[in-house]
Participant: 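My questions all concern the structure below.
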Amino acid sequence: MNSFMAGTNNMSNGNGLKNPETTTIIHSATRRQTRRIVFVVTTILVVMTGGCLIWSLRPIILPIIIGTLAAYICFPLLKLFNRTGIPRGAGILLLFGSFFFVIIIIANQVGSLIPDEREKLILKTRFQYKLNERYKSIMGLNDTGEGGNILYKYFSADFDNFLNSVNSFIRLDNEERGKFMKYLDGYDNKPPIPLKYYEYYHKNLDTNHEDTEEKAAGDLAGKTAEKETGKDESHFTVVMGAFKLWIIMPFVFLFLLLDNGEIKRFFVSLVPNRYFEVSLAVFDKVDKAIGNYLRGILIECSLVGISYIVLLALIGFEIKMAVMIGLAAGMATAIPILGFGIAFVLGSSYALIAESANSIIPFITPNNLIIAVAVVVLIVMVLDNGVFQPVVVGGAVSLHPLVVFIGIMGGSMLFGFAGLILAIPTIVVVKEIVSTLFRELKDYYLI
Amino acid sequence: MKHDTADKTKTINAFWGNIFSRFKGDGNIPNVEFLKLCPIFQHLNNRELKKISTLIYERKYQAGEYLFEKEQPGTAMFIIKSGLVTIVVPGRNNEETDLATIHPEDFLGELALLDDTPRSASAKALEKTEALAFFREDLNELLETNPAIGSKIMKDLAIVIGKRLKACNEQLYGGYE
């Protein structure tokens, strides 16, 4: 009772009026609590809205990310221009022009490297034929599919099932068979398909136990005009759709180069005074770490890509194929662990269908080309781990293999191929932000 | 005894107080004009000051809020645009000893422009205060991209630190002469 009275006395000044100091404390506590609730609710709403926006705008995420990466890579160049006396505006103009020029060159080169319809049909036919031929040779089967070595005797059911599923995936469908027959005699100003590939085509049909090419070609002949028109329209739509999405990339690049610290200033202005200095330190350290990592990974990917191109050309790959595989394998280097696996799969896939190997190394033939590919991948792996990574990336970023696998799976499920390539750089960036933030908060005795 | 304490505070004030202040304005000066008044930027021309003004962070503090606290790593120098700031050293039982009061156009924490060694004292706003913060890494970048501006700032910073060292020496050893 006494304590209750004491408490009451504390709350009033004896005239039944509340003590102003106590009222201020209560108001201050209530305000703090309200502020906390508003902060939590706002954060949840912002995160949810952000998540929904990212999901619905995911087609433009890749161009934005690539534009941002390109800008990040160019920041040191802009500083270099400034240092050498080139005005900032002129430097930006120069970089933007170069960026556009490089994009056009890459688009043009990649476009010419990508096989057209005729080449795709030939590649598929070659691949299926050579795959079955190699399978027979490895399993010791004769032309009629009889015989077989000890490996085949024990595992024939599994291997056959696997081969059948690969065959059903890569074989030409009815429409493609019709097109193959058209291209066989020359079509659409393209040279006729060599007869050798027609033989492959027939062998493949035998493998598929199908003999319907005449029927398919006949069915398709009547529909050619209609389909060509439809194809042109869809091509135009696809090109326009891609253009609409990718046009954002140079603008992201340009505006990030033009930014004179306004974006950073805006975010820092939102930070409470208590965290002002720590936020500056975090921004700076994260910026440096991410910049170094991205520039390092770009140089590493380029070096790996160039190494593949040179070595694959040396072991007898066609230059066009060596460049294509080198580019893809170089990009795949951004994915730790899996990058070399992808390079090997791509290289060995071509080694399977290679008709000849024009290698300067005498003992490499189409039959042992796949071993040469394995050696090339091994050499590049040693070069990457022993030279490129320590010198360029510096081993600053290490991720647990489990994180790598989950990241790649999640990235590819959410954003397809772009997610596959960009998952690891994104995880590295997030990891760097979180670790730097906590490290600095500890240094500032804030946690 | 009381007299001794007052003398001590006066001595410390002489160390911490801004001995370079030339002009006491009304606190509503544009940032470029305001930066001109700071000894660290006194040799910069208008174009260079404009460049610096794009690197400056404007912060507003309520009475009782800390600009920085003792032992925290320093990252920025602060120039007081309006309001009052006190330099305090936290003691036992949460008591704070006032070392100096910083007025508009004075600056503090300039050693943070050199490295991130911990702050030797805390700075607390005594009233509503507006401050301009200049970040160490921005100065480092200036030294790379605009060495002319960066070197002028570094030279003036060295002069400021040298003068403060002389003032400190005089306060410490002046009595023995």
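Order of the sequence lines fixes the chain letters, A, B, ..., with proteins taken first and strands second; residue numbering starts at 1 for each chain. Only a predicted model underlies this, so the values are computations on that prediction, with no experimental measurement involved.
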Participant: Do A/Phe283 and B/Phe135 have side chains that get closer than 4.5 Å, going by heavy atoms?
Facilitator: no

Participant: State whether the number of non-hydrogen atoms from other residues, nucleotides or ligands found under 6.0 Å of A/Gln33 atom CD is greater than 12.
Facilitator: no

Participant: Spell out the residues in residues 63-73 of chain B that have some non-hydrogen atom less than 4.5 Å away from a non-hydrogen atom of chain A, in order of number; otherwise answer 'none'.
Facilitator: B/Glu65, B/Leu67, B/Phe68, B/Glu69, B/Glu71, B/Gln72, B/Pro73

Participant: Please name the pair of heavy atoms, one in B/Lys51 and one in A/Asn260, separated by the smallest distance, quoted to 0.1 Å.
Facilitator: NZ-OD1, 4.5 Å

Participant: Could you tell me if the side chain of B/Thr75 sits less than 4.5 Å from the side chain of A/Tyr444, heavy atoms only?
Facilitator: yes

Participant: Indicate the atoms forming the closest heavy-atom contact of B/Asp138 with A/Lys264, along with that distance.
Facilitator: OD1-NZ, 4.3 Å

Participant: Which heavy atom of B/Glu137 sits nearest a heavy atom of A/Asp284, and at what distance?
Facilitator: CG-OD2, 2.9 Å

Participant: With a cut-off of 3.5 Å and sequence neighbours excluded, list every side-chain donor-acceptor pair involving residues 141-149 of chain B.
Facilitator:
{"residue": "B/Thr145", "atom": "OG1", "partner": "B/Glu141", "partner atom": "O", "Å": "2.9"}

Participant: For chain B, which candidate among A/Asn273, A/Asn82, A/Val278 shows the most heavy-atom pairs at distances under 4.5 Å?
Facilitator: A/Asn273

Participant: Under 4.5 Å heavy-atom distance to chain B, tell me which part of A/Pro272 shows up: side chain, backbone, both or neither.
Facilitator: backbone

